[in-house]
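Read the structure below first, then the notes.
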Amino acid sequence: METYELIAPCHFGMEAVLKREIYDLGYEISNVDNGKVTFAADAEGIARANIFLRTTERILLKIASFKAVTFDELFEQVKAIPWENFIPENGKFWVTKANSVSSKLFSPSDIQRIVKKAMVERLKQTYHTDWFEENGASYPLRISIVKDVVTIGLDTTGESLHKRGYRKFTAPAPVTETLAAAILLLSPWRADRVLTDPFCGSGTIPIEAAMIARNIAPGMEREFLAENWDNLVPKKAWYEAVEEANDMIRRDVELNIQGYDLDGEVLKMARSNAALAGVAEDIHFQQRDVKDFHNPKKYGFVISNPPYGERLATKEEMYNLYRTVGRIMSENETWSFFLLSGYEDAQKAIAAGGSRKKATKNRKIYNGMMKTYLYQYMGEKPPKKPRTMEDNNE
């Protein structure tokens, strides 16, 4: 089976998490860049990557990469690509997105127009026709030009992979599923530890946590564009990937995951979303103010996306909220806190709340176009469990 280069875009700052995911799937990484990881895989890998990867936005089949500083160069280079190896005569093809950074070619609309024109010219010669009905499967392209280097990828995914299919109901300013999963995978949280999100909104972080703990593949319940690419990815590859995903689900795990929010209507959304994701019984949702946070367990995790910016009315409200988080930290010293926030005075307010903890790491992450930081406050490690006779005999 032919091997391709696949490009997996992700949130800036989360490349290491995605890289680990791809390695765990069994594929070799060829390049890690800002906001994307490139790896080698066959057609079966296209299906598996779409179904199993939690932290990428989509899977692009890399078609070509070359330098172009004029539109004539762009046209000739694109025309030289053997498009007939990827797009059948009745395929519907277009450039769905083009972006340019530090390059002489910078007009997205002109880039889209030139690339489409060059593709048509190539395929006219190959298929010996002057007209394409384009009534078959969809083959959208994405063009990236960085420092005059053009990279062309076929979008195998369609709707972004953060759309798992379970989040039918959303609260304002939600964290995406892919970013929630990345934060969880970045943390040392494991299924046998307590996890609480005191600002859970429509439930994304608790739901992603339950899916990770149960090893439920994020793409099991949705469709992908490349499912219709009979010329590139056999149907069998998709059936086998879904069957593999079903076999890997852990059904015997006991979880202690909690989601709190002040808004009762939003919690109704969270419960509905959890049910759609198949993890309703794994999460306890409750209407509760963060100031009332209490948990008798030790060594737990708070992983959350607290309100900031437009989600709070005044700067005073924001400062007081993060000061409350600091008080909670001081009262739960064995707990670890992973907080994604765009509030620039978050650490100062947390310290004012009485927390003696210092952030062990601040990771810059772009949540859409907004610069945020993941503040990581590590708690104590739980004591190691004593080895049993059974362990010693293994």
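Predicted model only: the values in this text are computed from it and were never measured. All values below come from the heavy atoms of this structure, side chains included, with hydrogens, waters and symmetry mates left out.
Put simply, CD1 on I46 and OG1 on T157 are 9.5 Å apart, with the number rounded to the nearest 0.5 Å. The CZ atom of R288 lies 8.5 Å from the OG1 atom of T196; values are rounded to the nearest 0.5 Å. In this structure, the separation between CH2 on W238 and CZ on R48 is 12.0 Å, given to the nearest 0.5 Å.
Tested against W335 for a ring pair (Phe, Tyr, Trp, His ring centres under 6.0 Å), the candidates Y377, W189, F293 yield a single pass: F293. Each of E57, R58, E177 was scored for a side chain to side chain donor-acceptor pair (under 3.5 Å) with S160, with one residue passing: E57. Remark: of the listed residues E121, M119, E73, M119 is the sole one forming a side-chain contact (heavy atoms from CB on, under 4.5 Å) with V78.
Remark: the backbone N or O of L53 is not paired with any side-chain donor or acceptor of T56 at under 3.5 angstrom. A side-chain donor-acceptor contact under 3.5 Å links D261 to the backbone of G201. N273 places a side-chain N or O within donor-acceptor distance of the main-chain N or O of S202, the cut-off being under 3.5 Å. The closest donor-acceptor contact from the side chain of R54 to the backbone of A181 lies at 3.5 Å or more, if one exists at all. Using a distance-only test at 3.5 Å, with no hydrogens or angles considered, no donor-acceptor pair links the side chain of T334 to the main chain of K298. With hydrogens and angles disregarded, no donor-acceptor distance shorter than 3.5 Å links the side chain of S272 to the backbone of A270.
Ring centroid separation for the pair Y343 and Y322 comes in under the 6.0 Å cut-off.
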Apply the test side chain to side chain donor-acceptor pair (under 3.5 Å) to residues S138 and N228: give CA-CA distance (whole Å), side-chain angles for both, the deciding distance (0.1 Å), then the verdict.
-> CA-CA 8 Å; S138 294; N228 298 311; over 6 Å; no
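Applying the ring-ring contact (aromatic ring centres under 6.0 Å, His included) test to every pair with at least one member in residues 138-161, sequence neighbours left out, gives these pairs: Y139-W229.
Geometrically, K116 engages F93 in a cation-pi contact defined by less than 6.0 Å to the ring centre and at most 45° from the axis.
Taking the charged nitrogens against the carboxylate oxygens, E265 and K268 do have a contact shorter than 4.0 Å, which makes a salt bridge. A salt bridge links R122 with E84: at least one charged nitrogen is closer than 4.0 Å to a carboxylate oxygen.
Taking a 4.5 Å side-chain heavy-atom cut-off between Ile, Leu, Val, Met, Phe, Trp and Tyr, the cluster of L60 extends to I7.
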